[in-house]
Each structure stands twice: as structure tokens, then as C-alpha cells.
Asker: 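Got a structure for you, questions after.
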Amino acid sequence: MSAETPVQSAGTFTRLRLRFRAWRGSRPFWAGLFTALGGVPIAYFPYATLKLGNMSIAMSTTAGAGSLIIGVLLVTLGMTLWFQKATRIFAGVAALLLALVSLVVSNIGGFLVGFLLAMIGGALALSWVPGKEAPEEPAEGGGSEAPAGEGATRDEHDTHDAPEGPAAGPHEHGDDGEADGVRAAAPNGGYRVG
């Protein structure tokens with residue numbers, strides 16, 4: 001094995017972690033996670049039974065079915081954000097509305113835990129934008145793939161077109177020699193807008 005041979009001894013865990021990282025970065029992952037987690041307490045608390053010795057405390061309300069529907073919809077919206085990122089605006093608005101409705105329907109939004117998680121998830125879904133791909137850099141070593149006519153660099157054009165000193169053209173000064181045009185020559189060789 002030479003120094004130029006790429007290392008291929010990356011373990012399975014490292015490869016899976018990098019694949020998951022790339023998948024996570026291409027979609028509103030955290031928005032989906034918070035939205036789905038927000039649906040769990042909203043759906044769970046109305047059906048939970050807490051036992052204290054021989055006494056059981058049930059928190060179910062008459063709107064238990066509504067709580068279940070809101071919780072399941074929030075979990076579904078979270079999964080939608082992961083696997084259908086094009087619907088992120090709809091899913092974000094729906095998550096925000098369902099979180100607000102859960103305040104009234106489901107024990108103050110799952111004791112505010114589910115409400116806050118769903119609100120954060122909906123807000124993250126609305127604010128997420130797909131990233132731009134990095135532009136490909138030309139190969140090193142001077143091997144340009146551009147045709148010869150297009151191979152001139154910006155630096156070559158800048159050196160030929162740059163004015164020498166504070167010389168001003170006729171469009172920059174009026175008849176009496178004062179600057180009255182759009183651009184006027186500055187003492188340092190640049191132009192100021194005036």
C-alpha cells in the first residue's frame with residue numbers, strides 16, 4: 001500500500017453514519033423530529049392511567065378521540081417532512097395549526113410539552129430551505145477544460161481595462177470642469193458616485 005492509495009478501511013458504522021448525515025442534511029430533519037415528538041404526548045396523555053397505590057387517575061377527556069387524531073396527524077406530518085421535503089410548507093403550517101388546536105382539545109396541548117415541540121417543529125419546517133450545491137472547482141495543475149477562446153481570466157481583463165491615475169473622461173466633467181456626471185474621478189484613481 002502506497003501513500004497515494006486511498007484509505008478504504010472505514011468501518012461499517014462510519015459509512016452508515018456518513019450516509020445518514022448526508023440524508024439528514026438534505027431535508028428538514030429536525031423539523032420532522034420535533035413535529036413527530038410533539039404528537040406523542042398529545043396522543044398519549046388523554047389515554048394514560050396513573051396508578052398511586054390502589055387508586056388510579058385517568059386523564060382522559062371527552063375529546064380523547066380528538067387528541068388521538070391530532071397526535072397521529074402530527075406524527076404523520078413529521079414523517080412527511082422527512083420523506084417528502086417538497087411539502088414542507090404545507091406540513092409546517094398544518095403542524096402549527098394542530099399544535100394550536102391541541103391547546104383546547106388535548107389537556108393543554110399534552111401539558112404544553114407536545115404543544116411546544118409541535119410549534120418548534122412547524123416553525124423549523126417553514127424556515128428550512130434546501131441548500132445550494134457547491135460549485136465544482138477546476139482541476140489543479142493548469143488543466144482547464146474551457147475552450148481556448150474562453151480561457152482568459154478576469155485578472156488579465158482587469159489589468160488592461162484599469163484607468164491609469166485620476167484621468168477623467170469627457171462624460172464625467174461638465175463644461176466648467178466640475179464633476180456633474182454620474183461618476184466623478186476620485187483622487188485615489190477610483191470613482192465616486194456623485
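Note that these values count all heavy atoms, side chains included, but never hydrogens, waters or copies made by symmetry.
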Asker: Can you name the nearest heavy-atom pair linking Val113 to Pro41, along with the distance?
Answerer: CG1-CG, 4.1 Å

Asker: Side-chain contact, heavy-atom cut-off 4.5 Å: Arg27 with Pro130?
Answerer: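 No. Closest side-chain heavy atoms not under 4.5 Å.
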
Asker: Does Phe20 reach the side chain of Arg17, with side-chain heavy atoms less than 4.5 Å apart?
Answerer: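 Not touching, per the 4.5 Å side-chain cut-off.
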
Asker: Can you find a pair of side-chain heavy atoms, one from Thr35 and one from Leu117, that are under 4.5 Å apart?
Answerer: no

Asker: In terms of hydrophobic clustering (I, L, V, M, F, W, Y; side-chain heavy atoms under 4.5 Å; direct or indirect links), are Leu112 and Leu100 co-clustered?
Answerer: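 Yes, because Leu112 and Leu100 connect within a single hydrophobic cluster, where side-chain heavy atoms sit under 4.5 Å apart.
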
Asker: Hey, could you give me the CG/CG distance between Leu103 and Leu98, rounded to the nearest 0.5 Å?
Answerer: 11.5 Å

Asker: Counting distance only, does the side-chain N/O of Arg88 pair as donor-acceptor with the main-chain N or O of Pro28 below 3.5 Å?
Answerer: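 Checking the backbone N and O of Pro28 against the side chain of Arg88, no donor-acceptor pair under 3.5 Å is found.
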
Asker: How long is the straight-line distance from CG of Leu116 back to CE of Met119, given to the nearest 0.5 Å?
Answerer: 8.5 Å

Asker: Counting only heavy atoms not in Arg21, do more than 12 fall under 6.0 Å of its CZ?
Answerer: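 No, the 6.0 Å shell around CZ holds no more than 12 heavy atoms from other groups.
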
Asker: Please tell me if the side chains of Asn107 and Ser67 come closer than 4.5 Å, counting only heavy atoms from C-beta onward.
Answerer: no

Asker: Say whether, by atom type as modelled, one donor and one acceptor occur between the side chain of Ser106 and the main chain of Ser102 under 3.5 angstrom.
Answerer: no

Asker: When the ring planes of Trp23 and Phe83 are compared, do they come out parallel, tilted or perpendicular, using 30° and 60° as the limits?
Answerer: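 Answer is tilted, since the angle falls between 30° and 60°.
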
Asker: Please tell me if the side chains of Leu96 and Leu126 come closer than 4.5 Å, counting only heavy atoms from C-beta onward.
Answerer: yes

Asker: When clusters are formed by joining ILVMFWY residues with side-chain heavy atoms under 4.5 Å apart, either directly or through shared neighbours, do Ile120 and Trp82 land in the same one?
Answerer: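 Yes, same cluster.
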
Asker: Count I, L, V, M, F, W, Y as connected when their side-chain heavy atoms are under 4.5 Å apart, and connections chain through other members. Are Val93 and Phe115 then in the same cluster?
Answerer: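 Yes, one cluster joins them.
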
Asker: Between Ile42 and Leu73, is there a shared hydrophobic cluster once you connect ILVMFWY residues whose side-chain heavy atoms come closer than 4.5 Å?
Answerer: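 Same hydrophobic cluster.
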
Asker: Hydrophobic clustering (ILVMFWY, side-chain heavy atoms < 4.5 Å, transitive) - are Val101 and Ile108 grouped together?
Answerer: no

Asker: Is the distance between the ring centroids of Phe111 and Tyr44 under 6.0 Å?
Answerer: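 Ring centres of Phe111 and Tyr44 not closer than 6.0 Å.
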
Asker: Contact between Phe29 and Leu81 at the side-chain level, heavy atoms closer than 4.5 Å - yes or no?
Answerer: no

Asker: Going from CD1 on Ile69 to CG on Leu74, what distance comes out if it is rounded to the nearest 0.5 angstrom?
Answerer: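 These two atoms lie 12.0 Å from each other.
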
Asker: For Ala125 and Gly92, work out which heavy atoms get closest and say how close.
Answerer: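 Closest pair (atom of Ala125, atom of Gly92, distance): CB-CA, 3.7 Å.
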
Asker: Taking atom CG of Leu33 and atom CE of Met79, what is their separation to the nearest 0.5 Å?
Answerer: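 Between Leu33 CG and Met79 CE, I get 8.0 Å after rounding to 0.5 Å.
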
